[in-house]
Amino acid sequence: MKVPSIIHIQLVAFRRLLVETKEQFCFAVKSIFQRIFWWVMSLSLFSWIYITMQNLMIKALSVGPIPEHVSFIMDGNRRYAKSRRLPVKKGHEAGGLTLLTLLYICKRLGVKCVSAYAFSIENFNRPKEEVDTLMNLFTVKLDEFAKRANDYKDPLYGSKIRIVGDQSLLSPEMRERIRKVEDITKDGDDFTLYICFPYTSRNDMLHTIRESVQESLENKSQSKINIKKFTNKMYMDFYSNKCELLIRTSGHRRLSDYMLWQVHENATIEFSDTLWPNFSFFAMYSMILKWSFFCTIQKYNERNHSLFEKVYEGVPSILKRKKTPMSLYQFPNPPISVSITGEE
Amino acid sequence: MIKKDDKTVEPPNEKPHRRIERNDIPESSNHIPPPESSVLKGGKVNSKTRALKAVTSILADADEKPQKRSNDEGDGTKKQRSEYWGKGIGKFEYIFYKFLLVMLYSCFGLFRYGQYQYHKMKLRIFSIIYNHAYTPQLIRQDVVSLKKIPKRLAAILEVKPVGDVGGGVTGLLNDASEIVCWTVSAGIKHLMLYDYDGILQRNVPELRIEIQSNLAKYFGPAHVPNYAVKIPHSDKIFYNLDGIETETDVGNEVDVNDERDKIAIEISLLSNRDGRETIVDLTKTMAELCAVNELNVSDITMDLVDSELKQLVGPEPDLLLYFGPSLDLQGFPPWHIRLTEFYWEKDNNEVIYSVFIRGLRQYSGCKVNVGK
């Protein structure tokens with residue numbers, strides 16, 4: 001069926017108008033609801049309940065199995081800013097805040113190491129303004145983190161920060177700053193934070209290949225290169241092979257050149273549709289709970305003994321029937337065997 | 001410059017073309033899947049009571065005592081800190097939290113069970129909606145409406161226990177050939193089939209027979225499209241059923257330049273060997289070349305490594321399909337999944353058409369922006 005062009009144009013315009021009004025309406029309703037929600041939450045009773053609940057949940061989970069290395073791909077800052085009609089910079093700031101909150105929680109849960117994809121080498125292709133904003137924001141956050149890691153009243157006390165990636169792409173002053181911060185926090189051993197600053201996983205692998213080749217050239221003894229040694233030479237040295245949980249936000253189902261080596265064997269990869277600044281405590285908690293739940297069952301299946309056996313192990317050995325090897329002829333004689341035909 | 005000389009050192013499989021063994025149990029693969037997929041794939045072993053037992057077993061776990069901060073003495077700052085943050089968890093508190101955790105686990109377990117049933121229902125409905133009916137025209141029709149399709153498709157396959165439906169090696173071969181048929185019908189030219197133990201690589205003749213018969217089922221025996229089966233690891237290509245009738249000829253290498261009809265699909269078979277090990281092998285080769293001064297360390301660039309790995313394993317796939325219950329990459333070559341889109345259906349455990357077509361749908365809707 002052919003629609004006359006005038007009507008067609010009007011139809012399109014009308015539809016666009018509808019969509020726009022709908023969008024605006026949704027936005028308004030959403031913001032009102034959010035405001036009400038936050039007002040309720042700000043009442044001291046509710047906030048007390050919320051905090052207590054959160055504490056209980058964190059402590060409960062921390063007595064179970066916990067992933068050693070959790071990794072984040074922080075995607076969606078810009079879309080968040082766009083959806084709230086804020087400048088891009090605000091989006092990135094909100095993202096930084098989310099990361100900090102989640103770091104607290106991870107540390108309290110007992111996660112040993114967190115890594116985050118802050119900046120990809122490919123991100124240098126973005127407009128210069130945004131790159132500069134990101135760099136500035138990064139240095140500010142870095143200093144803040146270093147301060148917190150040294151303040152014993154802060155929950156992040158005792159953590160180590162490492163900036164990994166191809167630092168030759170950064171400006172010299174930036175490198176100097178990074179070196180300083182790494183130096184300040186190098187004694188922390190409770191918790192390690194890896195910030196992948198200009199990082200791509202292929203670059204990581206390339207770097208490791210080069211290092212390995214260089215090393216084998218230097219000591220002529222031809223110490224064999226194997227997978228384990230190779231892995232330990234990667235940027236995240238000790239934690240390179242242990243990424244148990246990778247979380248990617250904002251709906252894309254791909255890795256985007258992050259942690260390929262670390263993740264492709266036996267890591268759980270979780271994709272979430274929320275944008276990174278909206279990624280809340282509960283979202284992460286449920287992911288770790290899921291991991292922990294299945295890990296418990298997996299461990300149980302591997303170990304393969306039940307509660308009863310556990311209790312039985314504890315029973316003193318006198319009460320248990322002893323099993324000693326015995327020759328067949330030492331057994332008591334069986335009853336007489338008689339055949340139905342009556343033969344002897 | 002760098003030839004695949006590491007290949008000659010180590011023959012990939014001792015018996016490249018062994019006859020199929022019906023009860024061929026996969027080599028005890030040392031692959032430890034991530035918790036969720038390992039549990040969900042466990043089959044009948046994982047009953048609900050077993051899950052409950054497992055969950056309650058953590059109450060009795062004595063091996064994880066509450067961690068005591070023993071090294072608090074001496075160090076001033078640490079002491080200061082422990083004073084500020086209070087002591088670690090006490091014994092009773094610890095038990096209380098364990099109970100709480102069991103409750104949390106139980107709630108989550110219930111929720112997950114509901115989710116499982118929901119997903120199963122969804123999958124059943126999908127398999128009604130998306131049905132290929134062994135007709136390539138229908139598959140093509142499903143694909144035509146999409147905006148774009150991937151150039152290269154990869155799929156991770158796995159052997160199911162021999163006792164299950166579609167289990168064992170025959171089941172795996174059947175799955176592989178089904179995917180080949182769908183891919184041909186959809187008009188995708190390259191397919192990478194990955195299985196951890198390399199069973200497909202070891203059973204190439206059987207795979208080709210299976211593909212042939214399955215293609216005949218789809219297209220009719222007279223119109224079987226041409227296909228090439230490639231093993232990048234040992235650098236071999238097989239065309240259609242060439243040389244399979246004469247048993248002695250199996251595995252005869254055919255020159256690539258040979259004049260042939262257009263090949264509709266190229267199938268590469270990958271295994272765990274093509275993943276980390278190949279990268280490490282490449283490193284070794286480069287180290288050797290550097291040692292005899294044929295290569296400089298500064299010459300090792302992204303492009304060089306990339307082109308070498310492209311030659312050794314193949315190009316990067318655009319879409320990776322996984323037919324298991326939760327994403328488990330199983331050591332798929334890490335260099336090659338840089339921007340690859342993943343698709344899997346939650347709680348699905350079969351190689352079914354709806355996963356294939358829905359994966360293509362997702363791909364057609366996705367937007368790749370490298371860095372931007």
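Letters A, B, ... are given to chains in the order of the sequence lines, protein chains preceding strands, and every chain is numbered from 1.
With Asp274(B) contributing its side chain and Val313(B) its backbone, the two residues share no donor-acceptor pair below 3.5 Å.
There is no contact between Ile121(A) and chain B, counting heavy-atom distances below 4.5 Å. With a threshold of 4.5 angstrom between heavy atoms, Phe96(B) approaches chain A through side-chain atoms but not through N, CA, C or O. Heavy atoms closer than 4.5 Å to chain B are found in both the backbone and the side chain of Thr268(A). Residue Phe342(B) touches chain A through both its backbone and its side chain, counting heavy-atom pairs closer than 4.5 Å. Heavy atoms closer than 4.5 Å to chain B are found in both the backbone and the side chain of Asn203(A). Contact of Val305(B) with chain A is made through the side chain alone, with heavy-atom distances under 4.5 Å. Heavy-atom distances place the side chain of Phe271(A), and not its backbone, under 4.5 Å from chain B. In this structure, the portion of Gln330(B) lying under 4.5 Å from any heavy atom of chain A is its backbone and not its side chain. Only the side chain of Thr231(A) has a heavy atom closer than 4.5 Å to any heavy atom of chain B. Heavy-atom distances place both the backbone and the side chain of Phe293(A) under 4.5 Å from chain B.
Two residues are said to be in side-chain contact when any heavy atoms from C-beta on lie closer than 4.5 Å; Phe124(A) and Val131(A) meet this criterion. Taking 4.5 Å as the limit, some side-chain heavy atom of His92(A) sits within range of a side-chain heavy atom of Leu134(A).
A salt bridge between Asp281(B) and Arg273(B) is present, with a side-chain N of the basic residue lying under 4.0 Å from a carboxylate O of the acidic one. Ion pair Glu36(B)/Lys346(B) not flagged as a salt bridge, since none of the NZ, NE, NH1 or NH2 atoms sits closer than 4.0 Å to an Asp/Glu carboxylate oxygen.
Put simply, of Ser292(A), Ala267(A), Ser256(A), the one with the most heavy-atom pairs under 4.5 Å next to chain B is Ser292(A). Ranked by non-hydrogen atom pairs under 4.5 Å with chain B, the options Met205(A), Glu130(A), Arg202(A), Gln298(A) are led by Arg202(A). Options Trp335(B), Phe111(B), Phe99(B), Phe332(B) differ in how many heavy-atom pairs under 4.5 Å they form with chain A, and the most are formed by Trp335(B). Between chain A and the options Glu341(B), Lys284(B), Met103(B), heavy-atom pairs under 4.5 Å are most frequent for Glu341(B).
Annotation: salt bridge (Lys or Arg N to Asp or Glu O under 4.0 Å) contacts involving residues 324-337 of chain B, sequence neighbours excluded, comprise Lys41(B)-Asp328(B).
With sequence neighbours excluded, the residues forming a side chain to side chain contact (heavy atoms under 4.5 Å, CB included) with Arg358(B) are Phe126(B), Tyr130(B), Tyr343(B), Glu345(B), listed by chain and number.
A parallel orientation is assigned to the rings of His207(A) and Tyr235(A), their planes being inclined by less than 30° (bins at 30° and 60°). A parallel orientation is assigned to the rings of Tyr116(B) and Tyr113(B), their planes being inclined by less than 30° (bins at 30° and 60°).
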